[in-house]
Every structure is written in C-alpha cells, then in structure tokens.
Amino acid sequence: MSRPRKIALVGNPNAGKSALFNALTGARQKIANYPGVTVERKSGRLVLPTGEPVELTDLPGAYGLDATSPDEEVTAKVLRGGFAGEAEPDVIVVVLDASNLEQHLVFAQELLALGKPTVIALNMVDLAERDGLVLDPAVLEEELGVRVVPTVAVRRRGLADLGEAMASAETRTPRLGVSEIGETERRVAAHAMAAAAILSETRQRRMHAQLDKVLLHPWLGPVIMMAIFFVMFQAVFAWATPFADGLDAAASWLHDTVKATMPAGLLRDLITDGVIAGVGAVIVFLPQIVILFAFILALEASGYMARAAFLMDRLMALVGLSGRSFIPLLSSFACAIPGIMATRSITDPKDRLTTILIAPMMTCSARMPVYAVIIAAFIPARGVGWGIGLQGLVLFCLFLAGIVGAIVVALVLRSSVTKGAASGFIMELPKYQMPRLKDMAIGLWQRAWIFLRRAGTIIFTVTVVLWVLLNFPQAKPGESQVDASIAGHVANGLAVVVKPIGFNRDMALALIPAMAAREVAVSSLATTYSVDASDDEDQQAADLGTRLRSHWTLPMALAFLAWFVFAPQCMSTIAVTRRETNGWKWPIFMLAYLFGLAYLAAGLTYWLAVWAGL
Ligand SMILES: Nc1nc2c(ncn2[C@@H]2O[C@H](COP(=O)(O)OP(=O)(O)OP(=O)(O)O)[C@@H](O)[C@H]2O)c(=O)[nH]1
Ligand SMILES: [Mg+2]
C-alpha cells in the first residue's frame with residue numbers, strides 16, 4: 001500500500017492555519033489572535049470528500065522561505081522535505097487572511113513558485129465582510145492560476161469546498177520561478193492583485209483605527225494596559241472566594257468523613273493527612289486559575305494582547321529586547337515551558353537566549369496556589385480605598401516584582417553575557433474580534449485540565465512520597481513526628497542554610513519537594529502540619545491558614561512569598577531550557593542566578609520586615 005498523500009497548511013502568521021487544521025481534523029491545536037502561536041509542525045488525519053485519507057500538517061506561520069527564525073525554519077524545511085524520513089508535502093494549502101490580502105499575497109507567490117499542486121484558502125472572509133470588504137475569488141484564481149476557496153475556519157464555512165479542491169489539486173507549471181521574481185516584484189504584484197480582487201471597502205476599519213489611536217496612545221495606552229491587568233488580579237481574589245470556599249468545605253467534609261468511617265491506622269492517615277490535606281490544599285485554587293485564564297484568553301482573542309506587546313516594545317527596547325519577546329513572556333504567565341518554546345519565533349539568538357533566561361520570573365500559574373495560600377493567611381481581606389482590595393494588591397505586586405526582576409536581569413545580561421544590538425520588531429497587529437465563547441470554554445477547560453492533571457499526578461505522587469518520609473521512622477512518645485522522620489532530618493540540614501533569610505524548618509522542608517512543582521510547597525506544608533498535629537485531635541479541624549499563622553510570623557511569610565517570585569522551583573523548566581539551548585550551560589546558569597536572587601530577595605524582605613516591626 002502506498003503512503004497517504006501529505007497536505008501542508010502554509011501561510012503568514014495569524015492567517016488561521018491552526019484554526020483550519022482544527023476544523024478539518026478535529027484536533028485542538030492552540031490558536032490565538034496574535035502571530036507566532038504555532039512553533040512546531042503538527043500532523044493529523046483527514047478524509048477528503050473523495051474518500052481518500054490524507055495526512056494534514058499544520059505549520060508555523062512564516063513571511064517567506066528564507067527563514068529568519070527557528071519556527072520559520074521548520075516551515076521552510078518541511079516544504080523542502082528537509083526532515084529525515086519525512087516526505088515533502090504532495091499538496092500545499094496556502095492560507096490567506098482575506099482582510100489582509102495584499103500582505104499575505106507576497107508569501108503566497110513564493111509558495112506558488114514551488115510548482116506543487118496548490119489550493120488557496122481565502123480565510124477570514126467573515127472579518128473582511130465585516131470591514132465592508134467585498135472580494136472576488138475568481139479574480140484571484142485568474143491571477144494565481146489555482147483554486148481559491150473562501151473559508152471561515154472558526155465557523156467551519158467552506159470546508160467541504162476546500163476538501164474537494166485539495167482532492168483535485170494538480171501539478172502545475174509555475175508561471176514564473178522563485179529566482180525570476182524578487183521580493184520587490186512580488187510586493188508590486190501583490191498590490192495589483194489585491195486591488196483587482198477587492199470590489200469594495202468601507203466602514204468598520206475606520207472605527208478600529210480610532211480604537212487603536214486610544215489604546216496605542218503613547219501614555220494613555222500604557223495607563224489603560226496597567227488598569228486592565230490590575231483589574232485582572234483584583235478579580236482573581238474577589239471573584240474566586242465563594243468557589244474556593246465551596247471547594248474548601250468539600251475537602252474538609254471528605255477529610256472528616258474518611259476520618260469518621262475508616263478504622264484508625266496508617267492507611268487512614270495517608271488518605272487524610274497525605275492525599276486529602278496535601279492534594280486538596282492545591283485543588284482549592286482551581287477557581288483562581290480559571291479566572292486568571294478567562295482574562296488572559298479573552299484579552300488574547302480580542303486582539304488586545306498583541307497591542308499590549310506593541311506597547312511593551314518601547315520598554316523592551318530600553319532593556320535590549322524586542323517586542324517579539326513579549327508573547328513568549330506572556331505565555332510564561334501560564335507556564336514557563338510553552339513560553340520558552342515560544343521563543344523560537346525570536347530571530348536574534350541572543351535576544352532569544354535572554355528571553356529564555358528571564359521567562360521563569362514571569363508568575364506562572366503554579367505559583368498561584370503558593371501566593372494565594374500565604375496571602376489568604378497573612379494579608380487581611382480589607383480594602384485600601386477606592387474599592388481596591390489589599391489581597392489583590394499584594395498579588396499584583398508579586399507579579400510586578402517578577403516583571404521588574406526580569407527587566408533588571410535582562411538589562412544586566414544584555415550588557416554582559418548576551419551582549420548584542422537590539423533587533424527590530426515587525427508584527428502586524430491582528431484585527432479586533434469579539435472573543436468566541438466556545439473557544440474560551442475550550443481554552444479554559446484545557447487550562448483547568450492541565451492544573452487538575454498536575455494535581456492528580458505529580459503533586460499526588462510527591463505528596464504521598466513526602467507523607468511516607470514524614471512518617472518514618474515513627475517518633476517515640478513525646479517526640480515530634482516531623483523531627484523524628486527522614487524528611488525532618490533532611491529539612492533540619494537545609495534549615496541551617498535558609499535560617500538567615502528567616503525560614504523555619506517547615507519552610508525548608510517545603511522547598512525540596514517543591515522542586516518537582518511549585519504547588520507542592522502548599523501540599524507539603526499542609527501535609528507537614530497535618531502529620532505534626534495528628535496526636536492532637538482537636539487541632540485536626542484547623543485549616544492550613546490557621547496552622548500557618550500559628551507557626552509563622554508575618555516577616556517569614558513575606559520572605560517566603562519573595563522567595564517564590566524568583567526561585568527556579570521547577571524541574572521541567574530546567575529540562576526545556578536544556579533542550580532549547582542544546583546543553584547544560586544555560587540551564588545551570590539559570591538555576592544559579594535565580595536561586596541567588598531568591599535568597600537575596602527573601603533575605604532582604606525578611607530583615608526589612610523585621611526592622612519595620614511587622
Ligand atoms: N473571524 C475569524 N477568525 C478566525 C478565522 N480563522 C482563524 N481565526 C482566528 O484568528 C486567530 C489566528 O488563528 P490561528 O489559527 O492561531 O492562526 P495561525 O495561522 O495558526 O497562526 P500562527 O500559528 O501564529 O502562524 C485566532 O484568534 C482564530 O480564532 C476565520 O475564518 N474567521
Ligand atoms: Mg498556528
């Protein structure tokens with residue numbers, strides 16, 4: 001049997017290739033309203049209307065075949081069959097953004113010159129129509145010599161026609177080869193073709209231009225941006241409370257029920273003090289994570305995030321980075337791993353390296369439970385005027401601290417280790433769109449699922465292991481179980497090192513398992529205090545916050561927060577840095593400088609707080 005034919009989706013960034021790929025194959029590739037989302041190739045199966053099964057590949061967006069960044073290189077390589085063991089695509093589908101036709105036709109001509117069977121998906125015709133832009137696909141077909149199918153990937157419009165066109169695409173002789181037509185000629189031709197295909201144009205464009213005047217205004221723009229993010233962090237605390245309280249109540253109920261029904265013994269303790277106390281302590285932060293991502297996803301889909309990147313470009317240039325770093329850094333607010341992978345869209349290698357090195361300082365969602373539990377326990381839930389809550393304000397400051405830290409480090413690195421000129425920034429601004437509810441729901445579900453899966457796998461495992469290490473050997477009567485245990489001994493050793501920055505033994509103990517994942521710091525504290533309290537039945541009901549308050553002072557809590565702003569407590573980040581930089585040099589550098597910073601920040605915070613009499 002011969003292998004199925006291969007069809008590749010190619011085009012400029014943000015044309016809707018991944019959206020089309022998802023619609024055609026039922027896959028769930030990440031799509032977002034800014035360029036440079038896809039950085040790796042991804043394949044899926046598709047059955048054409050003729051019944052022929054084919055392999056469809058989604059590629060990173062590119063502006064041309066002369067790759068300037070690692071993600072563009074993937075696209076150029078796939079088209080030339082440059083990956084060992086992978087055949088060249090048999091058919092290419094060039095995805096064009098109908099409302100950005102002239103720009104997208106420049107690359108399209110280069111692709112057509114490859115001479116492969118080609119189909120053009122004239123995508124986003126809905127947005128073009130909204131802008132009052134009426135296009136004539138027949139004119140384009142005439143000019144380009146291939147089938148042009150209007151599509152709306154996100155509404156699954158035009159998919160059947162597209163499938164049929166893919167099935168019948170034939171080899172052709174390009175009118176002109178790539179070598180015969182240079183970039184300038186292609187630009188001129190694109191302008192002429194777009195002008196011929198556009199039948200009319202009006203309205204909404206003007207309105208969006210005006211919106212941009214306000215949102216991208218030199219000083220009003222940044223003020224609005226800060227206000228939006230500020231509201232986001234306020235909401236994380238203000239809106240999550242009822243849901244978090246509900247989950248908390250459910251966890252306590254489960255705890256008490258197991259306690260009441262199971263016979264006393266090690267197994268019962270493992271389930272209550274280990275699993276329920278530990279994993280439960282992390283899961284209660286699900287509402288916070290969901291609210292945070294609802295904001296991020298809505299800002300992304302609306303096209304605002306790309307504008308924030310544009311605003312940040314000037315600030316980034318000051319510290320020697322380009323606005324291109326903004327999107328990877330923004331992704332790092334979810335998790336540094338996709339963030340570091342997204343740096344593949346950065347052209348300049350030193351720019352890219354700097355971005356990788358500072359990405360772990362962006363507050364990832366794994367820090368959320370740590371921040372939230374300490375803030376809830378030590379920062380009173382009161383307002384500071386104008387309806388601003390103190391807890392949300394502290395959270396906002398922690399996020400800012402990471403950003404400021406990253407800016408300072410970038411400045412230092414760019415004038416020393418990764419010295420070099422800042423490169424320019426080209427990014428087309430996406431169009432404004434209403435976020436689509438279904439996409440938002442899918443995106444939120446995916447984030448929630450990632451969080452729950454972490455809780456069910458890595459956090460669960462580490463918590464159980466920790467519980468075992470905390471319970472053996474058993475303490476003699478009168479002795480503290482934690483002190484007697486293996487984990488306690490290790491923690492007492494580490495405590496010597498972290499004592500100068502105000503950490504006690506339990507905090508030191510939390511740091512070790514938290515290397516696997518930051519959330520484990522919370523489950524580890526919950527488990528430690530549950531184990532320590534287990535002789536003392538009446539303490540059993542106390543929640544983690546109460547226990548923290550009885551063991552820690554405010555300066556200690558603040559120092560712990562400061563530590564987590566910087567500490568590289570995440571093995572996966574180190575591993576992905578090793579992969580993306582091809583060696584151990586940079587991950588080790590990253591570990592060293594971030595731990596150094598964390599120690600310094602925690603120490604300074606602790607001593608300042610003590611000095612201030614907090
Ligand atoms: N209104 C409308 N929006 C679309 C359409 N196709 C895609 N989008 C949106 O456009 C944005 C970009 O889509 P993606 O599929 O991520 O674009 P891409 O070409 O894969 O981009 P890169 O991976 O960055 O190269 C997303 O917000 C999509 O929801 C369409 O036909 N109509
Ligand atoms: Mg994509």
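Numbering of ligands and ligand atoms starts at 1, following listing order.
- One N or O on the side chain of Arg414 and one on the backbone of Gly320 form a donor-acceptor pair closer than 3.5 Å.
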Salt bridge (charged side-chain N to carboxylate O under 4.0 Å, His left out) between Asp97 and Lys431: does it pass, once the steps are laid out? CA-CA 11 Å; Asp97 170 357; Lys431 288 164 296 298; 2.7 Å; yes
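- Regarding atom 10 (O) of ligand 1, its nearest protein heavy-atom neighbour is Met124 CE, 3.3 Å.
- Partner Asp58 forms a side-chain hydrogen bond (donor to acceptor under 3.5 Å, both in side chains) with one of Lys17, Arg41, Gln29, Lys42 and no other, that one being Gln29.
- At least one N, O or S atom of Ser18 sits under 2.8 Å from the Mg ion (ligand 2).
- The shortest N/O to N/O separation between Pro60 and ligand 1 does not fall below 3.5 Å.
- Every N/O-N/O distance between Asp58 and ligand 1 stays at or above 3.5 Å.
- Nearest protein heavy-atom contact of atom 15 (O) of ligand 1 is Ala19 N, 2.7 Å.
- Note: no N/O pair closer than 3.5 Å links Lys30 and ligand 1 by distance alone.
- Not a single N or O atom of Ala301, backbone or side chain, sits closer than 3.5 Å to an N or O atom of ligand 1.
- Using a 4.0 Å cut-off between charged side-chain N and carboxylate O, Glu55 and Arg5 make no salt bridge.
- For atom 23 (O) of ligand 1, the closest heavy atom belonging to the protein is Thr38 OG1, 2.6 Å.
- Remark: side-chain polar atoms of Glu141 are paired, donor with acceptor, to backbone N or O of Val148 under 3.5 angstrom.
- Between the side chain of Arg344 and the main chain of Ser69, no donor-acceptor pair closer than 3.5 Å is present.
- A salt bridge is defined here as a Lys NZ or Arg NE, NH1 or NH2 lying under 4.0 Å from an Asp or Glu carboxylate O, and Asp126 with Arg155 meets this definition.
- The residue from Ala62, Ser18, Gly61 that puts a heavy atom closest to atom 20 (O) of ligand 1 is Ser18.
- One finds a salt bridge joining Glu519 and Arg454 here, because a Lys/Arg side-chain nitrogen approaches an Asp/Glu carboxylate oxygen to under 4.0 Å.
- Of all protein heavy atoms, the one lying nearest to atom 6 (N) of ligand 1 is Asn123 ND2, 3.1 Å.
- Atom 19 (O) of ligand 1 has as its closest protein heavy atom Lys17 NZ, 2.6 Å.
- Residue-level proximity to ligand 1 for Ile31 is carried by backbone and side chain together, each with a heavy atom below 4.0 angstrom.
- Inclusion of Asn14 in the first shell of the Mg ion (ligand 2) is not supported: no N, O or S atom falls under 2.8 Å.
- Taking only non-hydrogen atoms, the option from Ser99, Ala15, Gly16, Pro13 nearest to atom 14 (P) of ligand 1 is Gly16.
- Between Lys77 and Glu88, none of the side-chain N atoms (NZ, or NE/NH1/NH2) sits under 4.0 Å from a carboxylate O, so this pair counts as no salt bridge.
- Here Gln433 has side-chain heavy atoms under 4.0 Å from ligand 1, and that is the only part of it that gets that close.
- Scanning all protein heavy atoms for the shortest distance to atom 1 (N) of ligand 1 gives Asp126 OD2, 2.7 Å.
- Annotation for ligand 1: atoms under 4.0 Å from non-hydrogen atoms of Val152 are 30 (C), 31 (O), 32 (N).
- The environment of Phe243 atom CZ is sparse: at most 12 non-hydrogen atoms of other residues, nucleotides or ligands sit within 6.0 angstrom.
- Within the 4.0 Å heavy-atom criterion, the part of Leu127 lying near ligand 1 is the side chain and not the backbone.
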Does the pair Leu56 and Arg45 meet the rule for a side chain to side chain contact (heavy atoms under 4.5 Å, CB included), with working shown? CA-CA 6 Å; Leu56 189 69; Arg45 221 177 79 103; over 6 Å; no
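- Closest to atom 12 (C) of ligand 1, if we only count protein heavy atoms, is Asn14 OD1, 2.9 Å.
- With contacts defined as side-chain heavy-atom distances shorter than 4.5 Å, the pair Leu65/Arg80 qualifies.
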